[in-house]
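Structure, as structure tokens:
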Amino acid sequence: MQLFRNAFRALTRDIKYQLERNSGRGRTPSLKTAVRADVITERLRHALATGNWSGGKAGVSQLLDRTNYMSALSHLRRVVSPLSRSQPHFEARDLHPTHWGKICVAPDSNVLLDDGFSVVPIHSLKSSYDQAKVLTVDPETKQEVPSELTAFQIVSAKELGKRVFEIRTITGRSIIATEDHPFLTTRGWIEAGDLTPKDQVLIRPVLEKIEEENENNDVATFEIISEEDFLVANQDDLVRDENLQQDIAELRKLGLLPLDSDNEKLPVIARLMGLVITSGHVGTSTVEFYVRSRDDIETIQRDLQRLGFRPNVFEEKITRFGETEYRTYVTTNGAFRHLLKALGIPQGKRTDIPHDIPWWLKSCSKLVKREFLGGIMGGNGSAPWFYQRSGKDSSYKIRLPHFEIHKNSALTESLVQFMSSLKLMFEELGIRISNIHVRTLENKSQVKAQMLFDGSKRNIKALCERIGYRYCAEKQHKAQLIQEYLAYRENKIQKQTVLREKVIQLYEQGLKPKEIAEHLGEKYRVVTSTIQRNYDESSAARLKSSLNPAQFLELTRASLETGMLYEPIVSIQETDHDIVMDFTTKENTHSFIANGFVTHNCPNETPEGPNCGLVKNLALQAHICTGVDEKIIEEFCENAGVFQGERTSVGKEVASVFLNGRLIGFHQNP
């Protein structure tokens, strides 16, 4: 009907045109010549021939594929639906034989965002997934790739008839996912239902989620910078900087002026400030950052772009300080430079100007403080690492992290105040400081202040998983690996402590060691040694049969280039969890990081790659039926020549065979 209506409108327009043309030439109008009989006919014929109808519809009419009988039958069975391909439409697509399945995780799983440090529960992305970006992992190169999201799914595992598992690794790290949710392992992508304790899953350690004292708002919102404050802070530029008013307009447009404490861009500003204070410089016309690698420079660029600035000058020059090479990144964006000055970063050489924690930073949320400290540690902090004790082949110690900064001798008092303020901020986030040393250097023109962190393993682990290192991938990767080793060690101690309590309790009830071993499922020698060490008070903290750092890193195939490692699975238990969630990433990496696990996202696609929709060619082999045992069909397919194998090795000349959306094998002559 719509097609004819549009064709009739075209006819009336053509009649009007013909009559006006004849009138303009002085001719007598003639309906016989004005009405062209083929206008409607040609439009209908064109639509039927091409399949392109009014309203942008395509494929309403099609040429039947008569290459052979099988192709004609397949074409007749093809399903065409008006549903949009940009939306999941699970109810319709559940019936399709080439659907890969919905692969989902628990709603409280923490997802790593694209900045590489922030994590949010997956359920918090439900209403804003189209504005969020997450960090994905290329399964081949293990490189991290930011990605936008294109869809979000919430499903009931029970309604879909799917089992749900909780997977736990040797470090105590765990995640809940449906049986068809793939995890990246040493064997490639393996579904949760097919994982075994022999498998090792790829882990990308993440920072601990910051929990505020009050989830609603632990601190009252306050104004950090007003336009008046901005002008006062940059009054020395009023005369010589004719673009200051343009910078004010730019900051207004970016939502950075006036600046309040609840501004969503404040964490990014805070970590950039931390780097500038320790490994940067605010000059008369530029802002400089000194970092160790090109990757770190690109991280700074991305953060500046998150704020809305376009880094308009890039200069890379190599300088050497001791054994470390530094690369310089320079931006001449005046608005950003003026913003830093208004926030409390003084202009000039770092060693010649006093520093203190800006007043507003002391009153901000823990998240903003953490990002500031992360920038501080990435600039001048050292990362923990392990070293072998001299003369002992299997004994290792962890090198303690510290933070240091240099100033001219005249600024000693200011330096001490700055370090004291930093100490309070670290302690607020649960990081203990053992001491602060201030000493005069040999040339007596400078002093060095060094902050030493408490050397307990628990404190080092807290520093790595709560603060981390910004803009220094080398330090951050070391911290990630040490964080996982200390988590493994802590988990091992907890398990042994619980085991000892159970063994002693049963022993005091009169059970013999052999009976205790059978009851707990432990080895007999483990039970006897536990009983023997019972009265040794120090044995609770003594770790038996544990891996040293070198063995742990070798077992997990740890990579200093990516900070990732493969952790062995210790348990896979089925749970009664119901509601699960997932999303689809725009990048072809089709993965995300949840609770540190590198997992697959819900792809909404067939295993071959095209978008999952209702218009499919595989309908030739598809028959939807109920009440039939899958095993009977699998046996029939096997007898008919269906064979199993890896998709990458079977070749392109075979056809994929699906059963209820599950790939069961291939056939060479379908």
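- With a 6.0 Å radius and a threshold of 12 heavy atoms from other residues, nucleotides or ligands, Gln509 has its CD atom above the threshold.
- In plain terms, the two heavy atoms of Asn110 and Pro121 that are nearest each other are OD1-N, 3.6 Å.
- With a 4.5 Å cut-off on side-chain heavy atoms, Lys457 and Lys461 do not count as touching.
- Between Gln668 and Phe643, some side-chain heavy-atom pair lies under the 4.5 Å cut-off.
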Legend entry - Chi angles and distances behind the salt bridge (charged side-chain N to carboxylate O under 4.0 Å, His left out) call for Asp114, Arg306: CA-CA 11 Å; Asp114 64 320; Arg306 285 188 180 95; 3.1 Å; yes

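- Note that the OG1 atom of Thr556 and the OH atom of Tyr485 stand 11.5 Å from one another [nearest 0.5 Å].
- Other residues, nucleotides and ligands place more than 12 heavy atoms under 6.0 Å from the NZ atom of Lys209.
- Here the side chains of Lys475 and Met377 are not in contact, with every heavy-atom distance at 4.5 Å or above.
- Contact of the Ile154 side chain with the Ile579 side chain is registered, since non-hydrogen atoms from C-beta on lie closer than 4.5 Å.
- With contacts defined as side-chain heavy-atom distances shorter than 4.5 Å, the pair Asn601/Ser591 does not qualify.
- Annotation for Gly193 and Phe165: closest pair CA-CE1, 3.9 Å, computed over non-hydrogen atoms.
- Between the side chain of Thr178 and the backbone N or O of Cys104, at least one donor-acceptor pair lies under 3.5 Å.
- The residue from Arg271, Arg466, Lys366 that alone fulfils the salt bridge (Lys or Arg N to Asp or Glu O under 4.0 Å) condition with Glu371 is Arg271.
- Shown here for Leu207 and Phe117, the closest heavy-atom pair between the two residues is CD1-CD2, 3.7 Å.
- Sorted by first and then second residue, the pairs that involve residues 164-173 and meet salt bridge (charged side-chain N to carboxylate O under 4.0 Å, His left out), not counting sequence neighbours, are Glu166-Arg168, Arg173-Glu484.
- Within the 4.5 Å cutoff, the side chain of Ile467 has heavy atoms near those of the Arg370 side chain.
- Looking only at distances, no side-chain donor or acceptor of Tyr129 sits under 3.5 Å from a matching main-chain atom of Thr584.
- Side chains of Leu520 and Leu506 form a contact here, defined as non-hydrogen atoms less than 4.5 Å apart.
- Using bins of under 30°, 30° to 60° and over 60° for the plane-to-plane angle, the ring pair Phe592/His181 lands in the perpendicular bin.
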